[in-house]
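Proteins get letters first, then strands, A, B, ... in listed order; numbering begins at 1 in each.
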2 protein chains.
Amino acid sequence: MARDRRGGSPPPTAVSTDLTRRARIRDAGLRLFSERGTEGATVRDIARAASVSPGLVRHHFGSKEGLRAACDAFVLERGTEIKERALFQGELDQPELLLMHRYLARSMVEGSGAAASMFDRLVQATQLWLERHAPSETPDPRGRAALLIAMELGALVMREVLSRALGSDTLSPEGSLRVARAKLELYSQPLLSADAAARARAAMDALGERLDAAAAGEGRPATGAGDPGG
Amino acid sequence: MARDRRGGSPPPTAVSTDLTRRARIRDAGLRLFSERGTEGATVRDIARAASVSPGLVRHHFGSKEGLRAACDAFVLERGTEIKERALFQGELDQPELLLMHRYLARSMVEGSGAAASMFDRLVQATQLWLERHAPSETPDPRGRAALLIAMELGALVMREVLSRALGSDTLSPEGSLRVARAKLELYSQPLLSADAAARARAAMDALGERLDAAAAGEGRPATGAGDPGG
DNA sequence: TAGGAAGCTATACGCTCGTATCGTAGGCTC
DNA sequence: GAGCCTACGATACGAGCGTATAGCTTCCTA
């Protein structure tokens, strides 16, 4: 992925950016995949966005799926690096980080292969964060972390409707500040009173026992309960 | 949408279910749209799932978009009814409710028109729920509710990766119980200490002031901060 | 300085999609 | 029972997709 500039019809002048054409294609793929999904983003569109012929996409990445895999790999590699920089050096307002997030969120909705491993990685990091900053004697720390990450990413995926409902773009400075404040609100005070929580816990324990009993005798199934409002 | 049964190639015998063919198409659309998205679900597949010719889809709904609109309308209408029944009569384990949820979540990811209005409706209901059960002197109750709903739906959309990470299907009795417990955990105890919350709040206030100042003089933008682990 | 390798475009093939059109069968109205 | 409306299937069409291939240009190497 180092700098290289060779042959081709257009004479070797700088073309819009100083990136390799290969890198330009990858970046365009990253952006269009996260905006429109794997199906929605066509090779031709990606090529156009990179100011390149569709054939070149195939030349460099073999196939659309190949480009997809390359994007996955890139996010997996650079993503963690960028995220660490953001977390530990406070460089939070990187548009690159946002792009990675959006790409990941899309991938996870669509169930891409690399998305799953990235999700696992995020869950593990979150679990560590939770153990350090929000300890709890929960019997299922991994479940707690996984659900939190899924919900976090959800807010990103729902960006469009969320923006509409709030009246301001979630990605704009004002909108993201508003979301950040709301998130702070949600994270700093419990939604359920100790009373309600205890009642819900009891109900779930009962359900769990019923489930265990059913497992032994192939009884009727039962689904979850107890979420506020949604 | 009443019962009707007229002409057609197959003699008037009962076909697989007792639903109108029109209703069968709508149901298949509901299912396939929520499983594969608007692009992923083809008219031919939907027709096959409904044991019907592709032409009949067009006949009844005009176009694929028409079918989509009909599904939206159905969810908008029946959805609230079902949800109310679920909430107020405790009938939580309806597979129909789950289908509606999944359809909605997909719609919102894809930004369908009706999804937006449904989202608004959900936000309003959640806001009421929050005011009653988790009062707070937040300056932005609507923002809090909207974010909560977006995150709730996110967990649904991320079902695939979430299931993979947890090791058990989120929709199975065991899996959904586990998710419900994790959710209870998250909702019943704050993730941020009063200390950390105060610090974050101060940082956001500072950011907000900087933003207001910039608004007057067209200064440089700045993006949000302060989310745990994600 | 000849020749192969790499970057790149242009063009075309085959497939699948949404949609349009036509033909047919049954029920309703007068 | 003639005429018409509605339900429905079969077939076809054009567009857009991913992909294959051929050919040109430039650089590297021997």
Could you tell me whether the phosphate oxygens of D:dA20, OP1 or OP2, come under 4.0 Å of any side-chain nitrogen or oxygen in A:His59?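 A:His59 to D:dA20 OP1/OP2: no side-chain N or O under 4.0 Å.
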Under 4.0 Å between a side-chain N/O of B:Ser53 and OP1 or OP2 of D:dA10, yes or no?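 Checking B:Ser53 against D:dA10: no side-chain N or O falls below 4.0 Å of OP1 or OP2.
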Atom [atom1] of [X] and atom [atom2] of [N]: how far apart are they, to the nearest Å?
X	N	atom1	atom2	result
A:Ile46	D:dG16	CD1	P	17 Å
A:Arg48	C:dA10	CZ	P	13 Å
B:Lys64	C:dA20	NZ	P	14 Å
A:Arg36	D:dC17	CZ	P	10 Å
A:Leu56	D:dT25	CG	C1'	14 Å
A:Leu32	D:dG18	CG	C1'	16 Å
A:Arg21	C:dA6	CZ	C1'	13 Å
A:Glu65	D:dC17	CD	P	18 Å

Should the pair A:Glu152-A:Lys183 be classified as a salt bridge under the 4.0 Å nitrogen-to-oxygen rule?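 A:Lys183 and A:Glu152: salt-bridged.
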Out of C:dT21, C:dC8, C:dG18, whichever nucleotide has its closest atom nearest the side chain of B:Arg58: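 For B:Arg58, the side-chain atoms sit closest to C:dT21.
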Pick the closest DNA chain C nucleotide for B:Glu39 and for A:His60 by heavy atoms, then say which residue is nearer the 5' end.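 Comparing both residues, the 5'-ward one is A:His60.
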Pick base, sugar-phosphate or nothing for B:Ala47, based on heavy-atom distances below 4.0 Å to the nucleic acid.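 The answer is nothing, as B:Ala47 stays clear of every strand by at least 4.0 Å.
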